[in-house]
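The structure appears below as structure tokens.
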Amino acid sequence: MKHSTYRSQLDFQINVCVQADKQQQSKDSVYFRDGVRRIDFILSYIDDKDGEKKQDRRKEFEANLQKIGLELETEDKSESEDGRTYFLKIHVPWEVLATYADVLKIKVPFKANDIPDKKEVPLSWLCTPYRLPEHVMQPEPDYFTATFDKSKIDFFLIEDKETFFPPSTRSRIVYYILSRCSYSKEDKDKKGIKRLLNNGTYVAAFPLHDCRYWTKSIDANCESERYALYKYWARFSSFYKEQPLNLVRKYYGEKIGIYFAWLGFYTEMLSYAAVVGLLCFIYGLATFDENVWSKEICNETIGGQIIMCPLCDKKCGYWKLSTTCSSSWQSYLFDNTATLFFAIFMGIWVTLFLEFWKRRQARLEYEWDLVDMEEEQQQMQLRPEYEIKCTHRRLNQVTQEMEPYLPLTSKCARSVLSGATVLFWISLIFACIIAVIVYRLAVFAAFAGIMKDSPTNNMDLIGNLITPQFATSVTASCLNFIIIMVLNFLYEHVAIKITDMEVPRTHVEYENKLTVKMFLFQFVNYYSSCFYVAFFKGKFVGYPGDYSYMFGKWRNEECEPGGCLIELTTQLVIVMVGKQVWGNIQEALVPWLRNWWVSRSARSHPESLYSRWEQDHDLQSFSQLGLFYEYLEMVIQFGFITLFVASFPLAPLLALMNNILEVRVDAWKFTTQFRRPVAAKAHSIGVWDEILNMIAVFSVVTNAFIVAFTSDMIPRLVYKYAYHLDTESTMEGYINNSLSVFNISEIPEKNRPEDGENPDWFYSSNITTCRYRDYRYPPGHEKQYTYTMQFWHIFAAKFAFIIIMEHVVFVVKFFVAWLIPDVPSDVEARTKRERYLIQEYLHNYELEKLKIQLSQNQNGPSIEPCTCPDADAMSVKLEVSSDCLT
């Protein structure tokens with residue numbers, strides 16, 4: 001009964017105060033009804049008929065927020081667009097802001113920066129078309145900053161207390177309080193807005209956008225930064241412009257700002273790799289006529305006279321090498337001398353990218369006041385879930401305070417269970433890969449039988465391209481892509497659950513654990529099929545008299561007639577491009593459709609009835625792991641363009657085109673489709689930096705193996721310089737040299753083609769031998785069908801090439817890394833200058849205070865009696881301190 005009375009009184013007060021004001025209030029208003037106090041956070045809820053427990057939780061939670069010092073104002077459901085939702089507006093007064101800014105060690109300005117900027121860069125006028133207006137690029141003056149101290153208010157440059165802390169910092173402070181505020185009188189461990197959102201007490205919790213994105217706010221006090229971001233950053237027409245990173249950081253916080261800084265820098269560096277890759281592709285086109293071995297394959301007197309052994313049992317017949325003319329030319333585009341150069345170049349490029357990013361990151365750390373932030377982050381940002389679930393307490397040897405901890409036995413048990421779960425899912429991926437391989441082996445013969453008399457064989461342009469190998473490769477790649485997407489969808493939920501089960505201590509530790517689990521899974525999921533094609537397919541086939549079989553049933557598949565490199569290219573393009581297209585659909589189209597559906601009825605209402613908080617409430621919620629998925633998408637792409645780039649020099653160009661779109665799609669999504677995220681600090685890209693370095697090292701090894709074992713470059717070079725019979729080193733005769741001979745009469749019955757599978761020309765001539773790709777002695781030789789000495793020479797040359805290439809690239813990588821300092825010299829000077837000024841100014845500040853105090857004592861010294869603080873004030877102070885430090 002008391003709850004209904006409480007709600008009735010509240011509804012009456014709201015209806016009396018708001019009825020007239022609601023119609024007059026601008027939809028862009030980010031203030032309380034008094035027009036003075038800014039709305040720093042919004043909580044929304046629906047008052048269910050059977051929600052007495054929820055009402056109790058809300059009442060206790062809101063009462064505790066008011067005890068801490070927050071100011072609240074409620075919008076009644078009758079004023080909302082749907083007539084069901086209440087909106088609780090939260091304002092943080094100065095005293096609370098100052099208290100928690102002190103606790104969170106927020107850096108604020110104390111002196112204007114007196115270090116002159118660097119001189120004008122020569123020819124900088126060439127970049128004018130790419131520049132944005134100065135007020136967009138530099139929304140705030142440059143200051144030296146120091147950690148806020150509430151006891152030294154007059155030390156800092158405070159002109160207006162209401163605007164001293166930007167809205168992003170204010171919302172961060174509110175969320176910190178909300179995450180640690182109790183909502184139960186009986187159990188003080190029941191606290192945090194996350195739990196209230198999970199149990200349905202509140203529907204949403206979010207800070208407000210400052211205006212509509214397509215127009216400025218009519219309120220002169222409103223910054224309209226969202227509009228500026230949309231106008232200069234989030235529209236695709238600005239794709240060639242620089243990003244307003246300082247404005248992004250000011251509006252969204254450092255964590256999102258550092259992501260867009262990294263994405264923009266990665267895209268910029270990709271442009272250099274894309275140009276070199278395009279030049280390598282053009283080299284392949286320009287030297288088309290120098291491709292002697294393809295000419296021999298297409299020549300009817302050479303390739304037309306070479307009869308090849310069947311590619312599968314029963315359903316495949318004998319075939320002429322000249323039928324692979326088209327695929328041979330295609331393979332040359334990517335398997336030429338430039339491939340080796342590009343593989344080495346990318347090994348150096350990835351080092352330059354990572355080293356220059358360290359310098360860029362160091363500059364951002366200084367400019368955004370993130371230097372020495374990691375230690376503070378670890379100390380201050382304990383996860384509320386950790387504090388709630390860890391009931392054990394122990395003494396911290398540093399702070400000498402009791403803190404929650406997870407016993408070692410519990411931690412080990414959780415880690416073992418988590419590791420076992422990850423291994424199970426990775427094993428599931430391998431099972432799916434084996435299933436796809438079995439599909440390849442099973443359908444190849446079927447495609448061979450179906451396509452033998454296919455009408456497409458008579459088409460001039462595509463008849464020679466659509467082969468059983470091509471059909472098998474494309475359909476298997478598409479099937480593999482579908483499996484990848486399904487497994488990703490399922491595993492995401494599992495990874496989050498097992499990471500929650502581990503109860504990480506801090507937000508940084510939580511994200512790092514989840515990142516490792518997700519990336520390890522994604523690495524195996526996305527790259528395993530490419531590894532199979534690159535390093536296993538066609539390597540364990542056997543020879544016509546002794547083929548190898550998988551599970552004793554399916555004959556191992558051979559590479560396409562053009563080689564396995566062209567098939568690796570096909571696999572890479574399908575998975576990489578398919579992922580990028582699907583990712584952009586998920587990121588842009590799905591949120592837009594959801595928002596359109598949710599706000600369809602409200603769009604027809606007058607502006608005064610569709611307030612700022614209702615507009616934002618109808619947008620999509622940006623989850624705490626939203627940036628995690630953005631990073632994961634880009635790092636997986638980074639793996640594609642580095643691990644297998646030797647097979648497809650155009651991969652960086654495709655990635656560049658995708659990323660130009662990705663920057664603007666992400667910006668558009670953040671600005672128009674999502675609620676404003678809670679600002680968070682981050683001084684770097686975190687564990688992703690280590691993952692990128694791991695991929696960079698691993699890519700040198702994979703590309704060396706691709707050039708050595710997947711492409712035909714080494715066998716061609718060995719033939720040219722060691723086995724060519726003429727005095728002049730040429731590639732003439734290479735095709736005949738690279739094919740071994742087998743006696744058709746010795747082919748076992750189970751491997752022979754069925755009646756009607758061989759072409760007509762096979763029966764019209766007396767053919768006794770067939771050829772296959774290998775280096776084995778011919779029939780009649782004393783070592784018939786065993787490896788020739790040329791095979792071992794090529795094998796030794798491949799390993800020698802791998803060792804030489806790896807050592808050369810690694811030496812250059814480490815030399816470049818040593819040569820380029822991680823921190824620019826001017827940033828290092830500014831950091832030292834700032835630390836010196838902080839000490840000097842604090843010393844002078846304390847000295848002035850001491851002088852004032854001494855002069856006051858000399859003028860009229862007096863001894864005041866010792867008094868005890870007021871009990872009520874003391875209890876409130878202790879409660880706030882407790883909420884801050886837990």
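The existence of a salt bridge linking Arg675 and Asp616 is excluded, since no basic side-chain nitrogen approaches an acidic carboxylate oxygen closer than 4.0 Å. Look at Asp826 and Arg363 and you find a salt bridge, because one of the NZ, NE, NH1 or NH2 atoms lies within 4.0 Å of a carboxylate O, short of that distance. Ion pairing between a basic and an acidic side chain is recognised when a charged N comes within 4.0 Å of a carboxylate O; Lys216 and Glu223 show no such pairing. Taking 4.0 Å as the cut-off between side-chain N and carboxylate O, Lys358 and Glu355 count as a salt-bridged pair. Note on Lys150 versus Glu95: salt bridge recorded, some NZ/NE/NH1/NH2 to OD/OE distance being below 4.0 Å. A salt bridge does not link Arg38 with Glu162: none of the charged nitrogens is closer than 4.0 Å to a carboxylate oxygen.
Using a 4.5 Å heavy-atom cutoff, the side chains of Ile193 and Phe61 are in contact. For the pair Leu370/Leu364, no side-chain contact is recorded, criterion being any heavy-atom separation below 4.5 Å from C-beta on. Using a 4.5 Å cut-off on side-chain heavy atoms (C-beta onward), Ile685 and Met634 make no contact. Between Lys194 and Ser179, the closest side-chain pair of non-hydrogen atoms is not below 4.5 Å. Two residues are said to be in side-chain contact when any heavy atoms from C-beta on lie closer than 4.5 Å; Leu178 and Leu196 fail this criterion. For the pair Thr671 and Tyr251, the minimum side-chain heavy-atom distance is 4.5 Å or more. Residues Val687 and Glu511 are not in side-chain contact: their nearest non-hydrogen atoms beyond the backbone lie 4.5 Å or more apart. With contacts defined as side-chain heavy-atom distances shorter than 4.5 Å, the pair Val823/Arg359 does not qualify.
Across every non-hydrogen atom of Pro824 and Ala362, the tightest pair is CD-CB, 4.1 Å. Here the shortest heavy-atom pairing between Phe144 and Ala112 reads CD1-O, 3.7 Å. Contact record, Gln243 with Gly264: NE2-CA, 3.5 Å, taken as the closest heavy-atom pair. Between Ala101 and Phe148, the shortest heavy-atom contact is CB-CD2, 3.8 Å.
With hydrogens and angles ignored, the 3.5 Å screen pairs a side-chain donor or acceptor of Arg226 with a backbone N or O of Cys211. A donor-acceptor contact shorter than 3.5 Å is absent between the side chain of Glu225 and the backbone of Asp210. A donor-acceptor pair under 3.5 Å links the side-chain atoms of Ser182 to the main chain of Ser184, judged by distance alone. The main-chain N or O of Pro207 is never found under 3.5 Å from a side-chain atom of Ser171 such that the two would form a donor-acceptor pair. A donor-acceptor pair under 3.5 Å is formed between the side chain of Ser224 and the backbone N or O of Ser217. Side-chain N or O atoms of Thr169 include none that pairs as donor or acceptor with a backbone N or O of Phe165 at under 3.5 Å. No donor-acceptor distance shorter than 3.5 angstrom exists from the side chain of Asp102 to the backbone of Ala98, with no hydrogens or angles considered. A distance-only check finds no donor-acceptor pair linking the side chain of Asp369 to the backbone of Glu365 [under 3.5 Å]. Side-chain atoms of Glu73 come within 3.5 Å of backbone atoms of Arg33 as a donor-acceptor pair (strictly under, hydrogens ignored). Judged by distance alone, the side chain of His617 and the main-chain N or O of Phe87 form no donor-acceptor pair under 3.5 Å.
Seen from the ring of Tyr176, Arg180 counts as a face-on cation partner, given the 6.0 Å and 45° thresholds. Geometrically, Arg37 does not engage Tyr31 in a cation-pi contact defined by less than 6.0 Å to the ring centre and at most 45° from the axis. A cation-pi arrangement is present between Lys89 and Trp613 under the rule of less than 6.0 angstrom and at most 45 degrees off the ring axis.
Tested against Trp262, the residues Phe265, Tyr266, Phe260 include a single ring-ring contact (aromatic ring centres under 6.0 Å, His included) partner, Tyr266. Considering Asp149, Leu842, Val108 as possible partners of Phe155, the one that fulfils the side-chain contact (heavy atoms from CB on, under 4.5 Å) test is Leu842. When each of Val174, Thr201, Leu88, Leu197 is checked for a side-chain contact (heavy atoms from CB on, under 4.5 Å) with Leu43, only Leu88 meets the rule. Checking each of Asn246, Leu229, Leu247 against Val136 for a side-chain contact (heavy atoms from CB on, under 4.5 Å) leaves exactly one that passes, namely Leu247.
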Exercise. Show your working on side-chain contact (heavy atoms from CB on, under 4.5 Å) between Lys191 and Cys181 and close with a plain yes or no.
Key: CA-CA 5 Å; Lys191 56 185 177 182; Cys181 186; 5.8 Å; no
Quiz prompt | Stepwise side-chain contact (heavy atoms from CB on, under 4.5 Å) test for Phe156 and Thr145 | solution = CA-CA 9 Å; Phe156 303 102; Thr145 59; over 6 Å; no
Practice problem: Go through the steps for Glu367 and Arg249 under the test salt bridge (charged side-chain N to carboxylate O under 4.0 Å, His left out), then give the verdict. | Solution: CA-CA 11 Å; Glu367 292 176 355; Arg249 172 249 180 170; over 6 Å; no
Exercise. Check the pair Lys111 / Glu834 against salt bridge (charged side-chain N to carboxylate O under 4.0 Å, His left out), numbers first and verdict last.
Key: CA-CA 10 Å; Lys111 182 185 184 300; Glu834 186 167 302; over 6 Å; no
Exercise. Begin from the C-alpha positions of Lys669 and Glu630 and carry the test salt bridge (charged side-chain N to carboxylate O under 4.0 Å, His left out) through to its verdict.
Key: CA-CA 12 Å; Lys669 181 177 63 178; Glu630 302 293 345; 2.4 Å; yes
Exercise. Apply salt bridge (charged side-chain N to carboxylate O under 4.0 Å, His left out) to the pair Arg172 and Asp40, showing each step before the final yes or no.
Key: CA-CA 9 Å; Arg172 179 182 162 218; Asp40 297 311; over 6 Å; no
Exercise. Verify ring pair (Phe, Tyr, Trp, His ring centres under 6.0 Å) between Phe353 and Trp357, making sure each step is shown before the conclusion.
Key: CA-CA 6 Å; Phe353 164 62; Trp357 167 246; 7.6 Å; no
Exercise. Might you work through the side-chain contact (heavy atoms from CB on, under 4.5 Å) test for Phe164 and Trp94, ending with a clear yes or no?
Key: CA-CA 10 Å; Phe164 181 65; Trp94 170 256; 4.0 Å; yes
Quiz prompt | Pair Ile42-Ile90, side-chain contact (heavy atoms from CB on, under 4.5 Å): steps then yes or no | solution = CA-CA 6 Å; Ile42 291 288; Ile90 301 175; over 6 Å; no
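Judged purely by distance below 3.5 Å, without hydrogens or angles, the side chains of Glu828 and Ser825 never pair a donor atom with an acceptor atom. Using modelled atom types and a 3.5 Å distance limit, the side chains of His209 and Tyr227 yield no donor-acceptor pair.
Between Phe628 and Trp688, the ring planes are tilted. Angles from 30° to 60° get that label. Between Phe110 and Tyr841, the angle of the ring planes goes over 60°, which puts this pair in the perpendicular group of the 30/60° scheme. Below 30°, between 30° and 60°, or above 60°: for Tyr259 and Tyr631 the angle between ring planes is above 60°, a perpendicular geometry.
Counted within 6.0 Å of OH on Tyr836, heavy atoms from surrounding residues, nucleotides or ligands total 12 or fewer; the atom is thus considered open. The neighbour count for His843 NE2, taken as heavy atoms of other residues, nucleotides or ligands under 6.0 Å away, does not exceed 12.
For Phe622 and Phe670, the ring centers sit closer than 6.0 Å to each other.
If you take CZ on Arg833 and OG1 on Thr831, they are separated by 12.5 Å, rounding to the nearest 0.5 Å.
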